[in-house]
Amino acid sequence: MPDVKKAVDQVNQLSLEKQLEIANEKYPDILHEERKEKEKTLPELKNVHGKVVMRLAPSPSGPLHLGHSRLCILNDEYVKRYGGELILRIEDTNPNNILPEAYEMIQEDCRWLGVNFTKYVVQSERMLFYYETARSLIKQGNAYMCSCRVEDFKRDLMNSTACPHRDVSPEESLEVFESVIGDMALTEHPVLVIKTDLHHPNPAVRDWIAFRVIEKSHPHTGKKYRFFPLMNFCVAADDHDLGLTNVIRGTDHINNTERQKYIFRYLGWKLPDYFHYGIIHIGDIILKTSMMKKGIIAGEYTGWDDVKLATIRALAARGYKPETFRKYWIDSGLNDVNADFSWEIFNSINRQYIDRSSDRYFFVNSPEKISVLDAPESKAHLNLYPNDDSRGFREYDIKSNPTLYLPAEDLSEMENGSIIRLKGLYNIRKEDGKYYFAGIEIHGERKKIIQWVGEDSIPFTIKKPDGNDDHGLLEKHATGKIGIIQLERYSFVKKISDSTALFLHR
RNA sequence: GCUCCGAUGGUGUAGUCCGGCCAAGCAUAUCGGCCUUUCGAGCCGACGACCCGGGUCCGAAUCCCGGUCGGAGCACCA
């Protein structure tokens, strides 16, 4: 150790240039270590043999939202990596939970995200297949028709006791099944139950319900069917029938996977490889489709793309880029630990994608009207993008002793006698509540630099996700400009008209 | 309550399977500096983490046991 210290001391005696020189001569390798920023990638999937078949399986209760985007991107990434098929499967076997427009919206959302599904499947079109699968299970004695009251059925499960219907013969169950899927009037609403293990330690896995009667008309199939399969049943049947090789989904599905495995076992099907990742909790924004729907009906939101919502289309409308979603979810990885979604990081990624293409403009929030005394006639000269004259300019003729609008907050923070810089124009000094011209020089003592607008500015509203819209004035030069812009010192926004923009992020 | 799972800085992650190259990498945030006519971008720097306690081992973020804390599920939703 003393030798090491001695050596280090010796090296440190030398100048940096000298050190570099020696290193260059003798050990060129160490200097070329430039840590290349490795693009983070998803871990390899286990049990991949050749091409994969994966799926997205949303229910059509509404358009896709931020939470769905994760599943979409992850599946898409793996299919792109290994090659194969990505199936978009619409899970619409609950007529009570369907928004007819959602079938189309979901596909649009996928395309916008750059998620290229290669096959589109709608479950309500596969009812006969589900019935056939159910018959097989009944004939095997692995499924039975039950007409117990809900409470009795649940109580039996908790007590690990069999209900009276569990032991009826397959023939008898099949007969009941056929009558329920037929068009006879029903006196009771029986269900089809998959037999598992009444003593399974996890009550969630004990005999579970596979079909139930819903008399309501289905948006796609009308009144043609009334005995609808539940998610666990169709997922198992479809995952096999569509040839899924790998299934990745959230840990909230772990028990469902256990239930679905019974069907695979009974029918001798090969299981796909399952992976369950931790759930990412997304806060500060409305994510539940049912809540959104309610709010839209109540007029609280303008539609599925309202700024306050976290649907893909709402975020797209505000100016988030598809690449942002992709990078964020890849960076988040496939951890099996639950985590919190970070708007901070999400926004930071988005900023990288939009900054260079966003022109800069002045917006004064909560403006205060002032007159600048002793001010000569001037010209304001401002870049559309900092340090890049090729992008063009915003130019204004400012008359002498002009009336200007400045952010009230910045003015109130000014101390008596202090000087502030109006960006692209000149300096002003505050004196006894009045404002005086204070020279045009930029350099010299470091001053705060703020945005401003003139009398030709336009009333402008920024709609914000939290519902507290900002009102102020936008510089005239922005008229006609539509799209993502940066309002200097305020935020990035998506300008949608000459009077309105949607708030994006700082 | 029952079943299962997990625990790395303020936040998100890498590493954990197959112990040593990890006195722990990256991103983001924060704070400084440079640059800049934005509180934006870029560059440089600083700050900051292996839940606790035992055990195995020459060696533990990594393996084992216990504890604590957190989470998911327990629907005739998906």
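Per chain, numbering begins at 1; letters A, B, ... match sequence-line order. Hydrogens, waters and symmetry mates play no part in the numbers below; they use all other heavy atoms, side chains included.
- Put simply, A/Lys448 has no side-chain N or O that comes within less than 4.0 Å of OP1 or OP2 on B/rU38.
- When the C1' atom of B/rU37 is taken as reference, atom CG of A/Asn427 falls 10 Å away, rounded to whole Å.
- Counting non-hydrogen atoms of neighbouring residues, nucleotides and ligands closer than 6.0 angstrom, the NZ atom of A/Lys448 exceeds 12 such neighbours.
- At the heavy-atom level, A/Asn256 lies under 4.0 Å from base atoms of the strands shown.
- Look at B/rU30: its Watson-Crick or wobble partner, with both distances under 3.5 angstrom, is B/rA46.
- A/Cys146 comes within 4.0 angstrom of no nucleic acid atom, judged by non-hydrogen atoms across all strands.
- Distances shorter than 4.0 Å separate some side-chain N or O of A/Arg351 from OP1 or OP2 on B/rA41.
- B/rC65 and B/rA24: their C1' atoms are spaced 26 Å apart (whole Å).
- No more than 12 heavy atoms of other residues, nucleotides or ligands sit less than 6.0 Å from atom CD of A/Glu409.
- Note: CZ (A/Arg70) to P (B/rA78) measures 22 Å, nearest angstrom.
- Of the possible polar contacts, one joining the A/Thr196 side chain to the A/Val205 backbone as a donor-acceptor pair under 3.5 Å is found.
- Checking B/rU28, B/rG6, B/rC39 against the side-chain heavy atoms of A/Ile345 singles out B/rU28 as nearest.
- In this structure, A/Asp109 contributes its side chain and A/Leu64 its backbone to a donor-acceptor pair below 3.5 Å.
- Of the candidates B/rG73, B/rA29, B/rU38, B/rG73 carries the atom nearest the A/Asn202 side chain, counting heavy atoms from C-beta on.
- With A/Glu475 as reference, A/Tyr396 is the one residue of A/Tyr396, A/Trp452, A/Tyr405 to meet the side-chain hydrogen bond (donor to acceptor under 3.5 Å, both in side chains) rule.
- Look at the P atom in both B/rA61 and B/rG54: the space between them is 14 Å, to the nearest Å.
- Nucleotides B/rU56 and B/rG32 are separated by 49 Å at their P atoms, to the nearest Å.
- Considering only the side chain of A/Ser332, B/rG12 comes nearest among B/rG73, B/rG12, B/rG40.
- Using a 4.0 Å heavy-atom cutoff across all strands shown, A/Asn335 reaches sugar-phosphate atoms only and no base atom.
- Nucleic acid contact class of A/Pro386 (heavy atoms, under 4.0 Å, all strands): base.
- When Watson-Crick and G-U wobble pairs are counted only if both distances are under 3.5 Å, B/rC74 pairs with B/rG1.
- One can place CG of A/Leu157 at 9 Å from P of B/rA75, the figure rounded to the nearest angstrom.
- Below the 3.5 angstrom threshold, one finds no donor paired with an acceptor across the side chain of A/Glu258 and the base of B/rU3.
- Whole-Å rounding puts the A/Arg506 CZ to B/rA29 P distance at 12 Å.
- Within a 6.0 Å radius of NZ in A/Lys476, no more than 12 heavy atoms belonging to other residues, nucleotides or ligands are found.
- A salt bridge links A/Arg394 with A/Glu488; the closest basic N to acidic carboxylate O contact falls under 4.0 Å.
- Ring geometry for A/Tyr120 against A/Phe117 counts as tilted: the plane angle lies between 30° and 60°, on a 0 to 90° scale.
- Of the candidates B/rG73, B/rG12, B/rC76, the closest approach to any side-chain atom of A/Ala204 belongs to B/rG73.
- In this entry the distance linking CG of A/Leu334 with P of B/rG6 reads 15 Å, nearest Å.
- Rounded to a whole Å, the OH atom of A/Tyr385 is 12 Å from the C1' atom of B/rU38.
- Considering only side-chain atoms of A/Ser342, the nucleotide from B/rU38, B/rU11, B/rC76 that sits closest is B/rU11.
- With rounding to whole Å, A/Arg206 atom CZ is found 12 Å from B/rA75 atom P.
- Of the candidates B/rA78, B/rU3, B/rG40, B/rG40 carries the atom nearest the A/Asp355 side chain, counting heavy atoms from C-beta on.
- Of the C1' atoms belonging to B/rU11 and B/rA23, the separation is 25 Å, rounded to the nearest Å.
- Remark: B/rU16 base-pairs with no nucleotide in the shown strands. Criterion, Watson-Crick or G-U wobble with two distances under 3.5 Å.
- Within the shown strands, nothing qualifies as a pairing partner of B/rA41 under the Watson-Crick or G-U definition with both distances less than 3.5 Å.
- Nearest-nucleotide assignment on RNA chain B puts the 5′-proximal partner with A/His381, out of A/His381 and A/Pro190.
- The phosphate of B/rA78 (OP1 or OP2) has no side-chain N or O of A/Arg55 nearer than 4.0 angstrom.
- Within 4.0 Å of A/Ser61, counting heavy atoms only, lies no atom of the nucleic acid at all.
- Atom NE2 of A/His165 and atom C1' of B/rC76 are 14 Å apart (whole Å).
- Looking at heavy-atom distances under 4.0 Å, A/Gly424 makes contact with a base.
- Residue A/Arg212 places at least one side-chain N or O closer than 4.0 Å to OP1 or OP2 of B/rC77.
- With B/rU3, B/rC39, B/rA78 as the candidates, the nucleotide lying closest to the side chain of A/His253 is B/rA78.
- Within the nucleic acid shown, A/Glu91 comes within 4.0 Å of sugar-phosphate atoms alone, with no base atom in reach, counting heavy atoms only.
- Look at B/rC21: it lacks any Watson-Crick or wobble partner with both distances under 3.5 angstrom.
- In this structure B/rG53 sits in a base pair with B/rC65, meeting the Watson-Crick or G-U test at under 3.5 Å.
- The side chain of A/Val337 approaches B/rG6 more closely than any other nucleotide in the set B/rC77, B/rC2, B/rG6.
- For A/Ile279, the listed nucleotide lying nearest its side chain is B/rA72; candidates were B/rC2, B/rA72, B/rC39.
- To the nearest whole angstrom, the two C1' atoms, one in B/rA78 and one in B/rG15, are 35 Å apart.
- To the nearest whole angstrom, the two P atoms, one in B/rA49 and one in B/rG9, are 9 Å apart.
- Of the candidates B/rU3, B/rA78, B/rU38, the closest approach to any side-chain atom of A/Arg360 belongs to B/rU38.
- Nucleotides B/rU13 and B/rG6 are separated by 15 Å at their P atoms, to the nearest Å.
- Annotation: cation-pi geometry not satisfied between A/Arg70 and A/Phe341 (NZ/CZ under 6.0 angstrom from ring centroid, within 45° of ring axis).
- Atom P of B/rC26 sits at a distance of 15 Å from the matching atom of B/rA14, rounded to the whole Å.
- If you find the closest nucleotide of RNA chain B to A/Ser59 and to A/Ile440, the one lying nearer the 5' end belongs to A/Ile440.
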